[in-house]
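Just so it is clear, the model here is predicted, and its values are computed rather than measured. First the proteins, then the strands, lettered A, B, ... as listed; each starts at 1.
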2 protein chains.
Amino acid sequence: MATTTAAQRRQEARQEYDAFMAACPSRQLLDRLSDKWVGLVLSALADGERRYSEVSRRIAGVSQKMLTQTLRNLERDGILIRSITPSVPVRVGYQLTPLGESLLPVVQAVKDWAEAHMDEVDAARDHYDEVNRRASSHG
Amino acid sequence: MATTTAAQRRQEARQEYDAFMAACPSRQLLDRLSDKWVGLVLSALADGERRYSEVSRRIAGVSQKMLTQTLRNLERDGILIRSITPSVPVRVGYQLTPLGESLLPVVQAVKDWAEAHMDEVDAARDHYDEVNRRASSHG
DNA sequence: CCGTATCCAAAAGGATACTG
DNA sequence: CAGTATCCTTTTGGATACGG
């Protein structure tokens, strides 16, 4: 039947693409690494095991929900280990696995690049905004 | 006046924190780098200047809106240059700046880590899901 | 060819209340 | 202490139509 519309065909093509992209190894992990709090959690655990409340205080601005979610995702990915001491009150510690530690220098490299080039980026933004502001009001 | 509620005070504290966080150099750039399409755009331009349509075809799944938005942000940050040839039809090319090229190895490092450790992460996920599935149905 | 503008759906993320 | 569950706002991103 020729009842497939152009929109339907485009939709199908997009789904095939999505399946391809979902199968792409680096994309899956890049998505996880860009999870907003992952970098900070990794940094918080760089020096060894920390309790939930310690991580929470170190990162400060993170909500309970997002911190737990991030920690669970990283645990699931084998980046960190969650260990529960069944005392009262219960004590929960998080520490990086060897896999997590291997990721640390990569995250650090991104952070280092950011800190090293922040001035350049700021200058570029100011310049861009200036030029753009003039262009908007030039008549 | 003592009409400030606990919620209000918490809100103010949060805003102070946000201002502090917003001022943190690495966070601003980490946010930009995690913009979903940034990595792919950078890779697409790794070999030199490309036209808009070339980049679009290389990345495939990206919508016109997101591609343009990503390119504009990166241009604003001084990561790439946009050059317009006023022919008919107009021809627009994008190429990395030296700053953008300095970022390339960092992005590549993340991608390399992802590809190198994808198997471990997959195995960890399977294990986690397996254990979790059992825990859910153990009684 | 290379966009911009608008509308709308989905996902991310915070606030709050409650639990073992 | 260390969460879970729910509600609600904000953000993100795709579809579509239109402009230079």
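An OP1 or OP2 oxygen of dC2(C) is reached within less than 4.0 angstrom by a side-chain nitrogen or oxygen of Arg51(B). Contact annotation: Thr68(A) side-chain N/O to dA2(D) OP1/OP2 distance is not under 4.0 Å. Taking only side-chain nitrogens and oxygens, Arg82(B) never comes nearer than 4.0 Å to OP1 or OP2 of dC2(C).
Distance alone, capped at 3.5 Å, places no donor-acceptor pair between the Thr70(B) side chain and the Val38(B) backbone.
Under the 3.5 Å distance criterion, with hydrogens and angles disregarded, no donor-acceptor pair is assigned to the side chains of Asn73(A) and Gln69(A).
Atom C1' of nucleotide dT4(D) and atom OH of Tyr52(A) are separated by 10 Å, given to the nearest angstrom. For Lys36(A) and dG13(C), the NZ to P distance is 6 Å, given to the nearest whole Å. Between the CD1 atom of Ile84(A) and the P atom of dG3(D) there is a distance of 7 Å, given to the nearest Å. In this structure, CD of Gln64(A) is placed 11 Å from P of dC1(D), rounded to the nearest angstrom. Lys65(B) has its NZ atom 16 Å from the P atom of dA17(D), to the nearest Å. Asp35(B) places its CG atom 7 Å from the P atom of dG13(D), with the value rounded to the nearest Å. Atom CG in Asn73(A) sits about 10 Å away from atom P in dA12(C), given to the nearest Å. One interatomic measurement links the two molecules: CZ of Arg72(A) to C1' of dA12(C), which rounds to 19 Å at whole-angstrom precision.
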List the steps, then state whether side chain to side chain contact (heavy atoms under 4.5 Å, CB included) holds for Leu103(A) with Leu33(A).
CA-CA 10 Å; Leu103(A) 181 55; Leu33(A) 294 179; 3.6 Å; yes

Could you walk me through whether Glu120(B) and His117(B) pass the side chain to side chain donor-acceptor pair (under 3.5 Å) test, one step at a time?
CA-CA 5 Å; Glu120(B) 285 176 77; His117(B) 297 281; 2.8 Å; yes

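Near DNA chain C, defined here as any heavy-atom distance below 4.0 Å, the residues from residues 87-94 of chain B are Pro89(B), Val90(B), Val92(B), Tyr94(B), listed numerically.
Smallest separation of non-hydrogen atoms from Ser87(B) and Pro89(B): OG-O, 3.0 Å. What you find for Ile79(A) and Leu42(A) is that their closest heavy atoms are CG2-CD1, 3.9 Å.
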Would you give me the side-chain donor-acceptor pairs under 3.5 Å for residues 43-52 of chain B, sequence neighbours excluded?
from, atom 1, to, atom 2, distance (Å)
Ser43(B), OG, Gly39(B), O, 3.0
Glu49(B), OE1, Gln95(B), NE2, 3.3
Tyr52(B), OH, Thr68(B), OG1, 3.3

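Gln69(A) comes within 4.0 angstrom of no nucleic acid atom, judged by non-hydrogen atoms across all strands.
Comparing Ser53(A) and Met66(B) by the nucleotide of DNA chain D whose heavy atom lies nearest to each, the residue mapping closer to the 5' end is Ser53(A).
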